[in-house]
Amino acid sequence: MREVLSAVDSGRDGFVEQLKELLRIPSISTDPQRAGDVRRAAEWMAAHFASLGLRAQIFDTPRHPLVYAEWLGAPGKPTVLFYGHFDVQPVDPIAEWKSDPFEPEERNGNLYGRGTSDDKGQMFTHVKAVESWFKAAGAPPVNVKFLIEGEEEIGSPNLPAWLEAHRDLLACDVIVISDTAQFGPGLPSVCTGLRGIAAFEVHVTTGSSDLHSGSFGGAVPNAIDVLTRIVAALHTPDGAVDVPGFYDEVQEPSASELASWSALPLTDEQFRKTAGTFGLYGEPGRTTLERIWARPTIEIIGIGGGYQGDGHKGVVPARAFAKFSARLVPCMDPARTIECVRRRVMSLVPDGAEVEFKAGHGTPAVSIPTDSKWVAASARALETGFGRKPVFIREGGSISIVTRFVGQYGIPCLLLGFGQPDDRIHGPNEKLSIADFHSGIRTSAALLAELASA
Ligand code: BES
Ligand code: MN
Ligand code: MN
């Protein structure tokens, strides 16, 4: 083990340079124009796995490819499957980036660029850990599989069918995922739960076309006005969701989990600073950590209608839309939640307006039991990697496929995030601490040894 950790340490700078190559590929999965780049990222990954001695394969799906790689040279030993993604989010607003999102740059100990933290950099820690085992010990102490996909950021639409068709490739003892964050700097973390998500859109139409706001305004309905009244009615004035049935299935965290959260070192003021907001706002009677980890939300994530260009254009808009995502917590069913919201929205439609409610992708929340030997092994590995015992946290974000790994296939999952809450994933100036990248590789290398004897 000591030799392997030395190999990780001496490989440090070279690993960062290799990661930069992958980061230069603008693999934005939601943008049809970038489909070729998503494919290039898959090809880069597959070639990289092959160069390490793994058997690697690209699988095409109806949209973006995924990469599967394996090394099964440790018969009788456990098999670990690493899941991650090489697709990334769009980069707008581009003007706010201090350096090119696809020309990674090192600044004061951080590597800046789209995908550094979410998820190319984090995923790559496991690749480099396996490589270090080959280099320093001849081979890893367990069997390893990698499933790295190109559609995570669009909700993994084609992965469930692929998993069903390739159950043999999915066979493993434990799945390890680094696509979340630590609780804070120097606080290695085991994540025990993710929120789920249910997306929907509301489209309002009030007539056949936009009208002159002087000739018609005041005597006809306005689509934006109708829409904003609906949007406003989805919450009470003090910040709770105002949708009948919305909270019915919510499972509250246990008293001991709540107590452990209140012992975590985070003040509301620190949280506000990380967010960069002017204030905090949320459901009354709940702490910040409850609000982001254990309470469901409805968030408006986009709105449009009327004239959006420079200057003024006097129209009564005939059409307006809004996009939403609800975050779900344990025991909520996405389809049932969407149905509650749909009913509420439709009950708010006034005379003279037509509303179309479009349901989008949905995935339930996940909970990871903490009393397993896998979690114990990961806690020891994090201590080796980061030099202190981990804290147990949840995360508010979602990783669609984890629900299926855990719920449908019953495979234990370890969510070992190496990012930080201020990495600005999905935003401008996304970064990953190079020290965290390095400690992540050390953790993964140590984890392989721990799993071999688990
Ligand atoms: N890595 C994130 C999920 C995440 C973010 C976990 C923050 C913990 C903290 C992932 O890439 C992501 O962005 N997921 C989407 C899922 C959606 C596209 C279905 C999300 O959470 O919005
Ligand atoms: Mn991610
Ligand atoms: Mn993401």
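Start at 1 and go down the list; that is how both ligands and their atoms are numbered. If you read the sequence from its start, that first residue is 1, and numbering goes on from there.
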Parallel, tilted or perpendicular: ring planes of Phe124 versus Trp44, cut at 30 and 60 degrees: tilted
N/O/S atom name from His426 that is nearest to the position of the Mn ion (ligand 3): NE2
Polar proximity ligand 1 side, Thr180 side, N/O cut 3.5 Å exclusive: no
CA sep, side-chain torsions, deciding dist, call: Arg24, Glu21, salt bridge (charged side-chain N to carboxylate O under 4.0 Å, His left out): CA-CA 5 Å; Arg24 288 190 186 104; Glu21 284 182 28; 6.0 Å; no
NZ/NE/NH1/NH2 to OD/OE distance under 4.0 Å, Glu151 and Arg63: no
Pick from His361, Arg327, Arg195: the one approaching atom 21 (O) of ligand 1 most closely through a non-hydrogen atom: Arg327
Proximal atoms of ligand 1 relative to Ser400 (non-hydrogen, under 4.0 Å): 19 (C)
Any N/O pair Ser398/ligand 1 closer than 3.5 Å: yes
Ring geometry between Phe82 and His126 (parallel below 30°, tilted from 30 to 60°, perpendicular above 60°): parallel
Salt-bridge present (Lys20, Glu106; N to O < 4.0 Å): yes
For ligand 1, the portion of Ile425 having any non-hydrogen atom under 4.0 Å away: side chain
Nearest-option assignment for atom 1 (N) of ligand 1, heavy atoms, candidates Ile197, Asp179, Asp119: Asp179
Over-ring placement of Arg342 relative to Phe200, 6.0 Å and 45° cut-offs: no
Test of proximity, His85 against ligand 1: N or O pairs below 3.5 Å: yes
Test item, Ala181 contacting ligand 1 (heavy atom, 4.0 angstrom): no
Which segment of Glu152 sits under 4.0 Å of ligand 1 when only heavy atoms are counted: both
Side chain, backbone, both or neither: the part of Asp118 lying under 4.0 Å from ligand 1 by heavy atom: side chain
Salt bridge flag under 4.0 Å for residues Arg295 and Glu290: no
Side-chain donor/acceptor of Thr274 to backbone N/O of Gln270, under 3.5 Å: yes
Tally, protein N/O/S atoms nearer to the Mn ion (ligand 2) than 2.8 Å: 4
